[in-house]
There are 2 protein chains.
Amino acid sequence: MSRPSHYDRHTALDQAMQLFWRQGFHATSLKDIERALDMRPGSIYSHFGSKEKLFRESLERYTRLGLAELERALDEGPTPLRALADYLRGLGTLYDQALPSRACMLVKSLLELDEREAAAREHVNTLLAGMEARFHQALETSRRRGELPDDLDTRRLARRLQADVMGLRAFAQRDIDRQAVEELAEDMARTLESLGTSGHRDGVRH
Amino acid sequence: MSRPSHYDRHTALDQAMQLFWRQGFHATSLKDIERALDMRPGSIYSHFGSKEKLFRESLERYTRLGLAELERALDEGPTPLRALADYLRGLGTLYDQALPSRACMLVKSLLELDEREAAAREHVNTLLAGMEARFHQALETSRRRGELPDDLDTRRLARRLQADVMGLRAFAQRDIDRQAVEELAEDMARTLESLGTSGHRDGVRH
DNA sequence: CCCCTTTTTGAGCGATCGCTCAAAAAGGGG
DNA sequence: CCCCTTTTTGAGCGATCGCTCAAAAAGGGG
């Protein structure tokens with residue numbers, strides 16, 4: 001059989017993801033990738049096919065991690081609705097975390113890619129739809145439990161929630177103080193909670 | 001004096017803005033610009049200095065147009081708060097407009113640029129702060145008129161409003177049907193209106 | 001119509017882009 | 001320790017990048 005592959009696919013993909021997340025697709029060169037993965041071009045191409053394919057795999061890995069984080073939040077919350085609100089609040093601490101970017105990699109990609117990278121763009125759309133579907137599922141569970149009004153359109157609310165996350169994380173990318181981001185997250189969380197059927201109707205205002 | 005300049009700065013900048021808005025900074029090449037402005041490289045450089053400077057001028061022009069649109073919306077609305085809510089609703093029709101991109105050029109730029117284009121990035125931050133300031137001014141007028149609660153933090157709400165616009169327009173960039181975008185805009189508009197002191201407290205829900 | 005200044009042109013610079021492929025290196029198996 | 005297969009290397013491909021600059025073209029002024 002002979003010469004087992006020395007490289008660690010997991011680690012390599014992780015490095016690629018962080019690089020693309022920070023710099024975006026176009027601003028990241030093969031030289032950057034070679035440096036980050038500590039691999040030579042021939043090796044990179046034999047394992048990943050092309051820059052765009054590596055990018056797509058990075059997007060997938062990013063999304064898998066993001067969904068896992070959401071799952072964790074849903075497990076921790078007392079109810080689905082509260083969990084989602086707390087998930088929003090959690091994004092308010094984005095500012096302190098040493099991430100490649102405070103903005104969402106999927107949104108960065110969505111705004112960066114056009115028809116010339118159609119395959120990758122389509123991939124981003126699919127992954128975003130997946131995130132939205134998970135939001136929807138959680139909200140639907142919440143509604144069935146009676147935590148949300150029975151006639152509430154959970155698909156519509158799931159889209160709102162996703163737009164909130166997009167807006168929050170794009171806003172957090174601004175050169176702005178951390179308190180502003182925390183307050184924004186808190187306001188969005190309150191708006192979401194205010195839809196609940198439970199007592200506290202103080203909701204939106206602070 | 002002799003040889004007056006033939007080119008029309010206004011038109012040229014407009015073409016550049018549309019190109020950068022559609023494709024972003026990195027994905028737009030000098031060849032693209034030459035084609036769009038119908039100018040040769042030497043001419044472009046003598047008038048605009050560099051690709052990055054042309055980009056910054058495009059950002060400025062974009063923002064000036066955006067502020068003018070906001071101003072128009074504020075003039076048309078019965079009150080500042082209603083005007084802002086209707087401004088959000090207006091973004092729901094983004095889908096039908098033949099724009100270079102449904103996403104905001106400032107947000108696209110904010111997410112695309114990093115330290116390597118520090119000057120342009122700083123510019124984006126300044127322009128976004130300007131938009132936020134205009135939102136704040138309108139909300140403050142609204143509060144003084146008694147349309148909003150006296151103790152409401154209008155700076156905080158202005159940031160929320162900007163994040164909503166960012167989220168709405170990023171979401172609209174997805175491969176999604178127009179109704180979803182309209183509903184999203186409507187929901188955000190309702191949340192904003194629900195903060196008002198006027199009667200209808202049905203607010204957020206639909 | 002020629003002069004003079006300014007504007008425009010466009011060939012082409014050095015650097016970098018994504019990527020290929022022949023050669024070298026790296027391990028098991030026997 | 002040699003054989004055999006697979007993996008890795010890295011020089012360098014053609015194409016394109018942002019940009020420069022000497023030469024040509026384009027207008028008024030007189």
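Treat the numbers as computed from the prediction; the structure is a model and nothing was measured. Below, chain A is the first sequence line, B the second, and so on; all start at residue 1. We use all heavy atoms of the structure for the numbers below, so side chains are in, but hydrogens, waters and symmetry mates are not.
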Between A/H47 and D/dT7, does any side-chain N or O lie under 4.0 Å from OP1 or OP2?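 Checking D/dT7 against A/H47, no side-chain N or O comes under 4.0 Å of OP1 or OP2.
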Residues in side-chain hydrogen bond (donor to acceptor under 3.5 Å, both in side chains) with B/T63, at least two apart?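 Listed in chain order: nothing, the list is empty.
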Among residues at least two apart in sequence or on other chains, which ones pass side-chain hydrogen bond (donor to acceptor under 3.5 Å, both in side chains) with A/E186?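 Result, side-chain hydrogen bond (donor to acceptor under 3.5 Å, both in side chains) vs A/E186: A/R89, A/R190.
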Checking [X] now: which residues fulfil salt bridge (charged side-chain N to carboxylate O under 4.0 Å, His left out) with it, not counting sequence neighbours?
X	result
B/D8	none
A/R40	A/D38
B/D75	none

Pairwise salt bridge (Lys or Arg N to Asp or Glu O under 4.0 Å) hits with a residue in residues 124-138 of chain B, at least two apart: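 Qualifying pairs: A/R174-B/E132, B/E71-B/R134.
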If pairs are Watson-Crick or G-U with both distances under 3.5 Å, what is the dot-bracket string of DNA chain C, marking crossing pairs with [ ] and pairs to another strand with |? ||||||||||||||||||||||||||||||
Measure [atom1]/[X] against [atom2]/[N] and give the value in whole Å, please.
X	N	atom1	atom2	result
A/D38	D/dT7	CG	C1'	15 Å
A/D8	D/dT8	CG	P	12 Å
A/I44	D/dT7	CD1	P	16 Å
B/L37	C/dT9	CG	C1'	15 Å

Enumerate the side chain to side chain donor-acceptor pair (under 3.5 Å) contacts for residues 102-113 of chain B, please, sequence neighbours excluded, ordered by first and then second residue. B/H26-B/E112
Counting primed atoms, P, OP1 and OP2 as sugar-phosphate and everything else as base, the B/S/- map of nucleotides 13-20 of chain D against protein heavy atoms under 4.0 Å is ----SSBB
Are A/F135 and A/V165 packed together at the side-chain level, in the sense that at least one heavy-atom pair is separated by less than 4.5 angstrom? yes
